[in-house]
Amino acid sequence: ERYRVTSGERRSRIRGFVLHEYVEPARKNGDRSIEIAVREVHRRMGLEQRHPAIIGALQAKAFLETGRMKLSSTQGPRQSSTKVLRFDLL
């Protein structure tokens, strides 16, 4: 039987990837904010048609708390590949 990833596992993987690949490097650079393009995360993770999962994971309270961030703005349609999220690093 083929192994299926649950939505909770997928969101956890997305959060871990973004924290490691985007947030931690930004903090090391001394950045006070960061912009994350959903399309770029989707491509780099090799996902297929999972833009809403990325958006949901990045707007989740758990992600914001773990990353010590505040979502300051979003650009683009609600569940679109073109959405860009901006976070203030606290």
Using a 3.5 Å distance criterion without hydrogens, assess whether the side chain of S80 forms a donor-acceptor pair with backbone atoms of G76.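 Not at all, since once roles are kept as given, no pair shorter than 3.5 Å links the two residues.
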
Side-chain (H51) to main-chain (R39) donor-acceptor, under 3.5 angstrom: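 No, the answer is negative, given that no donor and acceptor are paired below the 3.5 Å cut-off.
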
Can you give me the closest heavy-atom contact between [X] and [Y], atom names plus distance?
X: A57; Y: I14; answer: CB-CG2, 3.8 Å
X: L47; Y: H42; answer: O-CE1, 3.0 Å
X: A53; Y: R11; answer: O-CG, 4.3 Å

Determine which pairs satisfy ring-ring contact (aromatic ring centres under 6.0 Å, His included) with at least one residue from residues 66-90, sequence neighbours left out, and list them in order.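 Residue pairs with at least one partner in residues 66-90: F63-F87.
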
Beyond-backbone contact of [X] with [Y], side-chain heavy atoms, under 4.5 angstrom:
X: Q59; Y: L85; result: yes
X: M69; Y: L89; result: yes
X: L64; Y: K70; result: no

Going by distance alone, is a donor N or O of one side chain under 3.5 Å from an acceptor N or O of the other, for R86 and T74?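 No donor-acceptor contact under 3.5 Å links the two side chains.
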
Would you please say whether a donor-acceptor pair under 3.5 Å links the side chains of R27 and Y22?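 Looking only at side-chain atoms, Y22 and R27 do not form any donor-acceptor pair under 3.5 Å.
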
Taking only residues two or more places apart in sequence or in another chain, which ones pass side chain to side chain contact (heavy atoms under 4.5 Å, CB included) with R43?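 Side chain to side chain contact (heavy atoms under 4.5 Å, CB included) list for R43, sorted by chain: E40.
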
Residue list, side chain to side chain contact (heavy atoms under 4.5 Å, CB included) with Q75, at least two apart or on another chain: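 Q75 satisfies side chain to side chain contact (heavy atoms under 4.5 Å, CB included) with V84 only.
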
Can you tell me how far apart [atom1] ([X]) and [atom2] ([Y]) are? Round to the nearest 0.5 Å.
X: E24; Y: I34; atom1: CD; atom2: CD1; answer: 10.5 Å
X: I54; Y: R15; atom1: CD1; atom2: CZ; answer: 13.0 Å
X: S33; Y: L90; atom1: OG; atom2: CG; answer: 11.0 Å

Check step by step if side chain to side chain contact (heavy atoms under 4.5 Å, CB included) holds for V38 and T82. CA-CA 6 Å; V38 171; T82 60; over 6 Å; no

